[in-house]
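Start at 1 and go down the list; that is how both ligands and their atoms are numbered.
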Amino acid sequence: MGRFHRHDDGEWHTHDHGEVHEHEHHDDVGDHSGYQTGAERIEVLEAIFDENDRLAAANQAALDAAGVIAVNLMSSPGAGKTTLLQHTLAALRDEYRCGVVEGDIATSLDADKLSGLGAQVALLNTGAGFGGECHLDAPMVAHALEGLNLDTLDLLIIENVGNLVCPAEFDVGAHHKAMVFAATEGEDKPLKYPVMFAAVEVVVLNKIDLLPYLDFDESEFAANLAKINPHAKIIRACATKGDISEWLDWLRTITAAA
Ligand code: MG
Ligand code: ZN
């Protein structure tokens with residue numbers, strides 16, 4: 001109820017029904033409604049979320065009917081989602097029939113990197129006139145699913161748009177939510193982006209090869225995450241070096257459990 005968010009600077013707000021707190025912002029890229037008054041905006045956002053949730057359920061039903069397990073993979077830009085996926089697809093290609101929905105504001109750069117790895121790849125450029133370009137939502141993913149042959153897939157990974165805020169609020173119909181978090185981002189981020197960190201089952205702590213050069217305090221990160229999400233599992237990884245075995249094991253676990 002009353003979900004509402006701003007995401008140009010990482011501030012987030014959740015409101016039950018009532019007034020919307022207005023803030024001064026230099027740009028309004030995060031406003032999905034375009035409505036001026038708080039009450040009107042709440043109503044519109046509720047309708048958007050209701051419609052989104054309805055389509056997310058339909059997406060999951062389509063995935064279930066085809067026997068596909070889907071993971072919504074989120075992160076900030078540059079955390080390493082695509083690199084993780086490159087190594088994931090290469091490692092699992094003989095075990096599972098994999099598909100990827102590749103969400104990007106613009107370009108096919110990431111989708112191109114994932115071609116030739118035995119997976120079906122559907123590209124979604126969110127800047128092309130959908131409701132919000134800074135996240136994937138259920139209607140966009142529904143569109144992408146139509147372009148995939150779900151009956152020939154076992155595992156679908158949905159690479160969301162790089163953004164630590166609103167992707168966590170838009171259910172797309174995936175069975176699992178995971179995120180990639182680079183050690184370069186700092187141990188305070190679970191506290192600053194609580195909606196995202198609360199939403200995921202798994203945090204892939206990436207770029208651990210850089211730990212000797214960073215101030216990153218891994219135990220403080222774990223403690224901050226535990227405050228927001230005591231059930232989240234941290235998986236250490238170095239995607240650039242293909243050191244992702246614990247992540248692969250998690251994917252095997254969720255796929256086998258289905
Ligand atoms: Mg990417
Ligand atoms: Zn957004």
Side-chain angles (χ1 to χ4, degrees), residues 3-14 20 23 25-35 41 44-49 51-53 55-56 71-90 98-117 119 121-141 143-144 156-172 174 177-182 184-185 193-196 199 204 206-207 237 239-240 244 247:
R3 289 177 291 183
F4 182 77
H5 68 276
R6 305 296 304 228
H7 38 78
D8 42 15
D9 61 358
E11 288 189 48
W12 68 283
H13 307 275
T14 304
V20 172
H23 298 262
H25 286 290
H26 34 83
D27 70 51
D28 241 350
V29 69
D31 186 336
H32 296 92
S33 68
Y35 285 78
R41 191 173 290 180
V44 169
L45 287 170
E46 290 294 347
I48 289 171
F49 281 124
E51 174 65 3
N52 188 77
D53 289 350
L55 270 163
V71 178
N72 181 2
L73 185 62
M74 300 174 281
S75 80
S76 48
K81 293 187 301 302
T82 307
T83 305
L84 180 69
L85 281 182
Q86 283 179 298
H87 289 276
T88 300
L89 297 180
C98 295
V100 175
V101 172
E102 179 60 44
D104 259 317
I105 293 175
T107 79
S108 64
L109 292 171
D110 285 359
D112 294 344
K113 287 179 192 161
L114 298 175
S115 70
L117 294 169
V121 180
L123 172 65
L124 278 177
N125 278 142
T126 59
F130 290 100
E133 65 175 24
C134 43
H135 59 268
L136 294 181
D137 63 16
M140 294 181 220
V141 171
H143 179 73
L156 178 70
I157 301 180
I158 299 165
E159 182 181 342
N160 218 308
V161 179
N163 176 350
L164 276 188
V165 188
C166 46
E169 300 203 48
F170 286 84
D171 205 352
V172 295
K177 292 177 185 159
M179 69 180 291
V180 181
F181 186 77
T184 47
E185 296 179 79
Y193 300 93
V195 177
M196 173 63 73
V204 178
N206 195 25
K207 308 190 186 181
T240 51
I244 59 167
W247 161 249

| Under 3.5 Å, is there a donor-acceptor pair between the Asn72 and Asn160 side chains? | yes
| message | Regarding Thr82 and Lys113, do their side chains bring together a donor and an acceptor under 3.5 Å, going by distance alone? | response | no
| task | Measure the shortest side-chain to side-chain distance between Leu136 and Phe170 over non-hydrogen atoms and say whether it is less than 4.5 angstrom. | result | no
| query | When you draw lines from the Mg ion (ligand 1) to OG1 of Thr82 and to OD2 of Asp110, what angle lies between them, to the nearest 10°? | reply | 90°
| request: May I have the angle between His135 ND1 and Cys166 SG with its vertex at the Zn ion (ligand 2), rounded to 10°? | output: 110°
| field | Reported NE2-to-CG distance for the pair His135 and Asn52, which is rounded to 0.5 angstrom | value | 7.0 Å
| query | Would Glu159 count as a contact for the Mg ion (ligand 1), in the sense that one of its N, O or S atoms lies under 2.8 Å from it? | reply | yes
